Amino acid sequence: MKELEILLDQYWVVKDNDKDLFYRVKDSIPQFKSFLSDKLGYGIIMNQHLIKLEKIPGSAESFMGIQEFNHPLEYVLLCLLLMFLEDRSRDEQFVLSEVTEFISGNNIGKEKIDWTLYSHRKHFIKVLRFAQTLGLLKINDGDDQKFAYHDDTEVLYESTGLSRYFVRHFTADIMDFGNYQDLENAEWGDLNADRGVIRRQRVYRKLLMEPVVYSQGADDVDYDYIKKQRGLMESDFQKYLEYRLHVHKNGTMLVVPAEKNIQDGFPNTKAICDITLLLMAMMREALQEKKLRINSSGGMTMSRVAFDEWVVKLKEKMGQHWSKEFREMTAAGLAENLVAYMENFKMLREWYDGREIEILPLAGKLIGTYPEDVIERKEKK
């Protein structure tokens, strides 16, 4: 059901961007609305401007942040920008200095924004770019990239009115929340989270939004639900999304057909994905030769030093076939990239401040090798 996948894959569908798609998705909603409400507990925001599926995760994971952001200050600046836009109507114009003055006068957290600092201006440019990409605002005149070098740069913006639908709506005051677990449980209140509809919706959400759901042992109520309701869940995901459910001893995941082009899926066309698959092929070969061992959780544990040595071996063996970026990257830099990438897909976990690495079971699900003729052609070049 392609329209449901669009709602799951995109942040929202905006009418001004694609009117045909907007009406196609709108007309299709009755076909899958019961699946969204009953199995996932998801609501749909729909008005004359946009359609947005409120995609709430089953649990908060580190990889669920905004991929474009890599500093906490960028989240602070985004919140302040949203506060500024809250008072701007659709099509209302404003200039950059109005935003920067508003931010200077409204602090979130302990760090005060200082526009004389190049780093703060660079963080804000990244936030503005993200807001433009998502359609929260658009530029009518000027170039905000110049703000990085000149804090008196002026740019004319226009509010699209979409910003008021960006943040999820909570039924409780989030200022009373003390940690991210409060955000996870906000919609359930004091109800028992390990039973009934709460558990069902949490499990469906985890399967849909996480690369894999690992078993946490005999007392894991979510994994117990998966094992007992496997048939029903397989039927639901097959009917509405054509995804297959793979249930293993240590982990369960949805497998998306290769012909579906899902954002941020695995495997994908990124070079780091290819290198991950090659590393896993090398480690699987070592397992068969009993040079590595499976631990009680179905993964492999090794020191960070040992992991780095595997990366050095891989680079020596296959590095000549990679793109220039990774071919010229140091082994240490490549190891850092692999750790970060594999952590995002729940294929790897760091222990003891990174001194120990655990390769998780999902990493063994797929491996990759270059066909012999491809290697021969590259070597001839």
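A quick note: this is a predicted structure, and the numbers were derived from the prediction, not measured.
N295 and T301 share a side-chain donor-acceptor pair at under 3.5 Å. Under 3.5 Å, the side chains of E92 and S89 contain a donor-acceptor pair of N or O atoms. Side-chain atoms of N344 and E61 include no donor-acceptor pair closer than 3.5 Å. No hydrogens or angles considered: a donor-acceptor pair under 3.5 Å links the side chains of H246 and K365. With hydrogens and angles left out, the side-chain atoms of Q93 and S159 include no donor and acceptor closer than 3.5 Å. Side-chain contact of T252 with Y223: a donor-acceptor pair under 3.5 Å is present, judged by distance alone. Using modelled atom types and a 3.5 Å distance limit, the side chains of D141 and Y157 yield no donor-acceptor pair. Side chains of K270 and Y341: a donor-acceptor N/O pair is absent below 3.5 angstrom, by distance only. Using modelled atom types, one finds a donor on one side chain and an acceptor on the other under 3.5 Å when comparing Y243 with E5. A donor-acceptor pair shorter than 3.5 Å can be found between the side chains of Y165 and N47. Between the side chains of S62 and E343, no donor-acceptor pair is found at a separation under 3.5 Å. Remark: the Y214 side chain and the D220 side chain contain no N/O donor-acceptor pair separated by less than 3.5 Å.
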Which is it for Y11 and F166 under the ring pair (Phe, Tyr, Trp, His ring centres under 6.0 Å) test, yes or no, and what are the steps along the way? CA-CA 9 Å; Y11 194 77; F166 177 77; 5.2 Å; yes

CA sep, side-chain torsions, deciding dist, call: R90, D16, salt bridge (charged side-chain N to carboxylate O under 4.0 Å, His left out): CA-CA 13 Å; R90 181 181 171 85; D16 286 348; 2.8 Å; yes

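Comment: E242 engages K260 in a salt bridge, judged by a side-chain N to carboxylate O separation of less than 4.0 angstrom. Between E309 and K313, no side-chain nitrogen of the basic residue sits less than 4.0 Å from a carboxylate oxygen of the acidic one, so the salt-bridge criterion is not met. Salt-bridge annotation for R24 and D20: absent, with no side-chain N of the basic residue lying under 4.0 Å from a carboxylate O of the acidic one. In this structure, R199 does not pair ionically with D222, as no charged nitrogen and carboxylate oxygen lie closer than 4.0 Å. We find that D143 and R129 are joined by a salt bridge, their nearest charged nitrogen and carboxylate oxygen being less than 4.0 Å apart.
Side-chain atoms of K39 and S34, non-hydrogen and from C-beta on, never get closer than 4.5 Å to each other. At least one side-chain heavy atom of L292 sits less than 4.5 Å from a side-chain heavy atom of M302. Between V99 and L128 the shortest side-chain heavy-atom distance does not fall below 4.5 Å. Taking the side chain as every heavy atom from C-beta outward, S303 and E356 never approach each other to under 4.5 Å.
A ring-centre distance under 6.0 Å is not found for F32 and Y240.
Note: the hydrophobic cluster containing M283 does not contain V312 (ILVMFWY, side chain heavy atoms under 4.5 Å, direct or indirect links). In terms of hydrophobic clustering, with Ile, Leu, Val, Met, Phe, Trp and Tyr side chains grouped at heavy-atom distances under 4.5 Å, I125 and L117 are assigned to different clusters.
Summarising the geometry, atom CG belonging to D18 is positioned 9.0 Å from atom CD belonging to Q10; distances are rounded to the nearest 0.5 Å.
Cation-pi check for R88 over F84 is met; the charged atom lies under 6.0 angstrom from the ring centroid and within 45 degrees of its normal.
Of all the heavy atoms in R327 and Q320, the pair that sits closest is CD-O, 4.0 Å.
Residue D91 qualifies as enclosed at atom CG: its count of foreign heavy atoms under 6.0 Å is above 12.
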